[in-house]
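Because the structure is predicted, anything quoted here is derived from the model rather than measured. Whatever order the structure lists them in is the order used to number ligands and atoms, beginning at 1.
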Amino acid sequence: NRVNIPFEKRIELSTNSIAKQLFNIMATKKTNLCLSVDLTSSTKIIDLLEKVGEHICLVKTHIDIIEDFSDNFIMQLKQLGTKFNFLILEDRKFADIGNTVSLQYSKGIYKISEWADCVTAHSLSGEGILKALNTCTNTGSKGVFFLAEMSSEGNLITHEYTEATVRMAAKYPDLITGFVCQKKETFSNPGLIQLTPGVQLDSLKDDFGQVYNTPEKVVLENGADVVVVGRGIVASKNPEAQAAIYKDTLWKCYMKRVSG
Ligand code: S5P
């Protein structure tokens, strides 16, 4: 079962270079925490990452919510990634036809393909989206977290949709880093990474349908490899201390999972 195999061993089972890097970072830094920096000020994001960079393996951005976006911000973000050894996931949730997605990925103001190690994408529009992301000109290595399930209540994803998504991903072993999903049964390939959002220690839901689970539940029961925490850290009074708490709690759950 993939969830009982330690990250070190899963490195060689990966066929995507970003998945390999991410497994490696998690194993070396002993953290499976992904921070979702859903802030609208680039200076606040940089300040926050200076404080919590040591605790995370991955930072997840929504680049289109930033009000003072600049190329300089991207430069600083990349520098922090190098300094603290974390990767960058742009949570763009691409969902259009392949041609449009290839433009959204590499053009416009954000030029996501130039700086994001990996991106998120929906399977809704069909395989063309993966073809497009795969052929887009990009200097380094790249990865895609494919949306197989969502955390929000009332979402329209069915079991059949999830299964078809996993089958579609299997045709692109070089490109797929893993799945954004909620359950360990969703996929079995140990070379792929389960990224699970919807985690908070002090809250069960928000006002717009987000559903939260505990670290124990998502890592031990539901098979999460990398756990996304946003407001649980970002909106807390002391994000630095909170990030350390999440990191320790999540890592303990992971250790228990692979040793038991
Ligand atoms: O199913 C999902 C998929 C994603 S990527 N549910 C989610 O909440 N997300 C993202 O995770 C969402 O866009 C947000 O950036 C983050 C959760 O933030 P939080 O503040 O609720 O922890």
message: Could you work out, with ring-ring contact (aromatic ring centres under 6.0 Å, His included) as the rule, every residue matching Tyr161, not counting sequence neighbours?
response: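 Applying ring-ring contact (aromatic ring centres under 6.0 Å, His included) to Tyr161 gives none.
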With a cut-off of 3.5 Å and sequence neighbours excluded, list every side-chain donor-acceptor pair involving residues 241-255.
residue : atom : partner : partner atom : Å
Tyr246  : OH   : Leu201  : N            : 2.8
Thr249  : OG1  : Ile245  : O            : 2.6
Tyr254  : OH   : Phe7    : N            : 2.9

Requested in this report: Could you tell me whether the side chain of Arg2 and the main chain of Lys184 form a donor-acceptor pair under 3.5 Å?
Outcome: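 Side chain of Arg2 to backbone of Lys184: a pair is present.
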Name every donor-acceptor pair, under 3.5 Å, that has one atom in a side chain of residues 46-57 and the other anywhere in the protein, sequence neighbours excluded.
residue : atom : partner : partner atom : Å
Glu50   : OE1  : Lys83   : NZ           : 2.9

Requested in this report: Kindly indicate, with the supporting measurements, whether the criterion side chain to side chain donor-acceptor pair (under 3.5 Å) is fulfilled by Arg231 and Gln210.
Outcome: CA-CA 11 Å; Arg231 285 164 288 178; Gln210 174 71 302; 5.9 Å; no
Name the residues in contact with ligand 1, where contact means a heavy atom under 4.0 Å away: which are they?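 Under the 4.0 Å cut-off, ligand 1 touches Ser36, Asp38, Lys60, His62, Asp91, Lys93, Met150, Ser151, Val180, Pro197, Gln210, Tyr212, Val228, Gly230, Arg231.
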Let me see the working for Leu80 and Phe86 under side-chain contact (heavy atoms from CB on, under 4.5 Å), right down to the final yes or no.
-> CA-CA 8 Å; Leu80 286 168; Phe86 60 71; 3.9 Å; yes
